[in-house]
Number of protein chains: 2
Amino acid sequence: MLEARLPQAALLKKIVEALKEMVNESNFDCGDSGISMQAMDSAHIAMCSLLLRSEGFEPYRCDRVISLGLSFSSLSKVLKCAGNDDVVTLKAEDDADTLGLMFESPKEERVSQFDLKLMDIDSDHVSIPDQEYDCTVHLSSAEFARICRDLSTFGASVVLDATKEGIKFSASGELGRGGILLKQQGSVDDSSPTSTRIEMREPVSVTLSLKYLNIFTKAAPLSEVVTINMSSEIPVLFQFSIGDIGHIRFYLAPQIQEDD
Amino acid sequence: MLEARLPQAALLKKIVEALKEMVNESNFDCGDSGISMQAMDSAHIAMCSLLLRSEGFEPYRCDRVISLGLSFSSLSKVLKCAGNDDVVTLKAEDDADTLGLMFESPKEERVSQFDLKLMDIDSDHVSIPDQEYDCTVHLSSAEFARICRDLSTFGASVVLDATKEGIKFSASGELGRGGILLKQQGSVDDSSPTSTRIEMREPVSVTLSLKYLNIFTKAAPLSEVVTINMSSEIPVLFQFSIGDIGHIRFYLAPQIQEDD
DNA sequence: TTCTTTCGAA
DNA sequence: TTCGAAAGAA
């Protein structure tokens, strides 16, 4: 059986809000080391994965591997019933057909118990090799979300150009064109965790669908920093940390650049 | 004739907002002791009543009994023209076909006068006996509203189980099931007026329509506490106090519990 | 489904 | 205080 207690319901709420726009339902694989999930969007274009390490729960107990087929919209509805500061406890028996969620208010005068029906979901579990990337950019997730939203006005796709100087986002369309450059912050001014930082082997330029990037940025409330890992020709990885308990990763293949 | 002056238009606004979703039009009975109203919803399932004592007005004058047939949506529109801190004066001649509403801004630099047409409404005035109830629960009206809204996700009806320990709300449906327990607060910690308190002769369990409860909770802005009076088999009474000038009461018959 | 209204966040 | 997002009503 699984039993996992998380002191802040807000965290779980944000995780589900971050993923529900991209994935309708998915299997949550619970094991010794924690909970993980992996899914593609319904069009099978982008992929996401979630990792929540057992150390992030107190306590965490999972005797044997369990796969919980959950609907994100149902999960979201149930989590709307939890206060942000509630303590959440997840429980599932082996071979259970429901997931139990208990919410306890901080003062313990209110206890809610929900039992969510589980689904049988065929999961096409693609294994993702741990990739070396030509370029890794750390930047403010709020800034990234803002840029993707703003550039959506101009076109359906954005070009990311990463050099040692900084990362540039550009889009063009009927209105005209737009470009936003985030400069790498000098090492002296490295104080802020949300400063733009770039590690690179060589410059990379990729074209990506803004529709998907705007879906990924729903994860911005989870982490103030997003890490973009890029090489030409292979899917770009966007990673949002979840405290120090895990992360959400999004993968999106670059579009073939057509010169016009 | 009627002449009644209320120092806070906000109060009257909240009263009308609380009732207008349930009742389209109704007779306001004005007499010596104050203003009262009683109506059923259009489906004749739930009932509500309003009492505003004459002592709550300054001054209050009503020589003879007048019945004012008012449309709640019209009344709501007119009250939208009043500032929250305006002083309201209601005036109606005997046998008048309009109700006069005067709004005076606090600094008296602005005076608005509205005359609302009255309607001829057949009222089936049901007399409600003052009932003894097996169980009375006082709880935060905001919390109650939140619970009814949350549980609407799960099903169309909610089961209320009141015991000495607390009151439990549960609902179930396609998603799964949900239950919320509010514990009775210890008498030591009785400081907060919105703490859950229960007075009972014996435990009560009733099933109620969430659709109606969600209509009743529109009255939550009037009072931070709602009082639920229950016995098995007879209509449940929900009471929201209006300062110390009166109250709104809602009555809803329990559904027959079907065991499956 | 769309619009309005309300609530929370910046 | 202003803005945007989310909830509720038409």
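Naming: A, B, ... by sequence-line order, numbering from 1 per chain. Computation of the quantities below employed the complete heavy-atom set of this structure, encompassing side-chain atoms and omitting hydrogens, waters and symmetry-equivalent molecules. On a predicted model such as this, the values are computed, not experimentally measured, just so you know.
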Would you give me the side-chain donor-acceptor pairs under 3.5 Å for residues 5-17 of chain A, sequence neighbours excluded?
unit_1, atom_1, unit_2, atom_2, d
A/R5, NH1, A/E58, O, 3.0
A/K13, NZ, A/A82, O, 2.7
A/K13, NZ, A/N84, OD1, 3.4
A/E17, OE1, A/K20, NZ, 3.3
A/E17, OE2, A/S76, OG, 3.0

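- Not one N or O on the side chain of B/D150 forms a donor-acceptor pair closer than 3.5 Å with the backbone of B/I147.
- A donor and an acceptor atom, one from each side chain of B/S42 and B/N24, are nowhere located under 3.5 Å apart.
- With B/D41 contributing its side chain and B/A43 its backbone, the two residues share a donor-acceptor pair below 3.5 Å.
- With sequence neighbours excluded, the residues that form a side-chain hydrogen bond (donor to acceptor under 3.5 Å, both in side chains) with B/S105 are B/E109.
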Query raised in the report: When you check every protein heavy atom under 4.0 Å of nucleotides 1-10 of chain D, what one-letter string (B, S, -) results, 5' to 3'?
Result: ------SSS-
